[in-house]
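All ligand and atom numbering here is 1-based and tracks the order in the structure.
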Amino acid sequence: MLKFFITTFGCQMNIYDSELMAGILQAYGYQQVFEPRDAGLIIINTCSVREHAEERAFANLWDLYHQAPKKAKKPVFCVAGCTAKKMGEEIFQKYPFVDLVVSPANVYDLPKLVNTFQKTRRKQLAIKNQTSYIKKNFPVIHANKIKALVTIMQGCNNYCAYCVVPYVRGAEISRPLKNIVAEVKGLAKKGYREVTLLGQNVNSYHDSKNDFTDLLKKISSLPGLLRVRFMTNHPKDMSGTLIKAIGQLDKVCGHVHLPLQSGSDRILKAMNRGYTASHFLGLVKALRRAKPDIAITTDIIVGFPGETKKDFQKTLALVKQAKFDASFVFKYSPRPGTSAAELADDVSATEKQRRLELVNLAQQKIARELSQNLIGKEVEVLVEDLATDGKNLFGKTTGYRTVIIDTSLAPGQRSTTNDQRLPLGQLIPVKITSAKNWTLYGKSAIRE
Ligand code: 5AD
Ligand code: SF4
């Protein structure tokens, strides 16, 4: 039986795609292994959103190749994901030991491609744009038994000037609502308690008469599920109706990831983002009005072409004003094929680094304050697992903060995930006793 190993780089969509590949291969009788040396098929699921992510994936590919047996025992190497789509044939030239190159829209053909390669020893390139796959039901294997990722759409039509996604993941296409509902119903029946609905821009989901708000309402009404999350949002498409629904639906978690990218209207325009800084701040306000204590996280790019010190100051000021719970800050890196790649990359590497550190510093201060405000309070936690020490429990708040829950086991005592007394998959109240930037520590506040 063929054993496969998958390693994943990049966003939640890639994590989902890896689960999908695992599901498809297992449906064909292949077995997933978690040590590359045990595998006859090694898959690297790549990300091309930033240069750094791409370099890391290829460095890992070399490592895996160097560690693998050679000649007749060499495993089949497969490069999947966005970089597979972007580079195509070039991957075979640069990495001659790679046998399969498969883009995200072609993962359904994976077993067939492996088979053909094994029979013919001819390299297989599968990077066609296919849209029919989104209509299928996905035999996904979810890594976690309590929460699952569920793709609701693929691709993107927004063409933000810096972003390679529309080129590598293709045009936006939504999954039929009934397929998503059937999948989530099945998950709830199997005992899953939380789903995250995924798409590059879930706010533009549509299936005949249903938009994202309709989908969210439908999913929230399914019995068995305790929590619903979704990502990523686009500030230009986040409607008042959706914000109202987020406020009203109890199962919808109090966390929204709303990428700002820049606080300067001039740069937002150059980025082709389609909103202004004041519109963005209006959304933040409306979200907090609709769901008090909602956590808002964001993405920011520093050093976009033409970003002056004044532009950057506007970003920094907006970060402080919006008081995000977390900001993911990236140094602009030109991606070949995007419209911004035509512009001069005129902010020096040291200046980009300086700007990144300034945002990170401001954000850390805010995050620390927000987390410390929770000390002494009771928060609701969905318990996911034992913490890495095998003793305490690990879970998330509705705002996605990590919580380590003291189980008061005696020193040296450990528990196991099979221990029926542990509240795995349950929502429990936890009294917070201390806090770091993003991680909280507390004690169960269940009253016996
Ligand atoms: N350079 C730097 N950051 C980028 N991102 C996307 N493309 C680039 C790029 N070329 C960031 C954006 C996006 C996040 C996933 O990655 O902030 O929201
Ligand atoms: Fe990229 Fe913009 Fe689409 Fe997000 S919305 S995937 S940043 S093009």
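Minimum heavy-atom separation, Lys85 to Ile127: NZ-O, 2.9 Å. Closest approach of Phe77 and Phe97 over heavy atoms only: CB-O, 3.8 Å.
The residues Arg354 and Glu351 are annotated as salt-bridged, a charged nitrogen and a carboxylate oxygen being separated by less than 4.0 angstrom.
Of the possible donor and acceptor atoms, one in the side chain of Asn233 sits under 3.5 Å from a partner among the backbone N and O of His257. Lys251 contributes a side-chain N or O that, together with a main-chain N or O of Leu225, makes up a donor-acceptor pair within less than 3.5 Å.
Listed by chain and number, Cys163 SG are the protein N/O/S atoms closer than 2.8 Å to atom 1 (Fe) of ligand 2, with waters left out.
Note on ligand 2: Arg273 sits in its first shell, one or more heavy atoms being nearer than 4.0 Å.
Sorted by chain then number, the residues whose non-hydrogen atoms approach ligand 1 to under 4.0 Å are Val49, Arg50, Tyr162, Gln261, Asp299, Ile301, Phe330, Lys331, Tyr332, Ser333, Arg335.
At most 12 non-hydrogen atoms from other residues, nucleotides or ligands lie less than 6.0 angstrom from CG of Asp250.
Each of the atoms 5 (S) of ligand 2 lies under 4.0 Å from some heavy atom of His234.
In this structure, Lys309 is not positioned above the aromatic face of Phe312 in the sense of NZ or CZ being under 6.0 Å from the six-membered ring centre and within 45° of the axis.
In this structure Arg229 satisfies the salt bridge (charged side-chain N to carboxylate O under 4.0 Å, His left out) test together with Glu194, sequence neighbours excluded. Tyr205 is linked by a ring pair (Phe, Tyr, Trp, His ring centres under 6.0 Å) to nothing, counting only residues two or more places apart in sequence or in another chain.
Checked against the 6.0 Å centroid criterion, the rings of Phe58 and Tyr95 qualify as a close aromatic pair.
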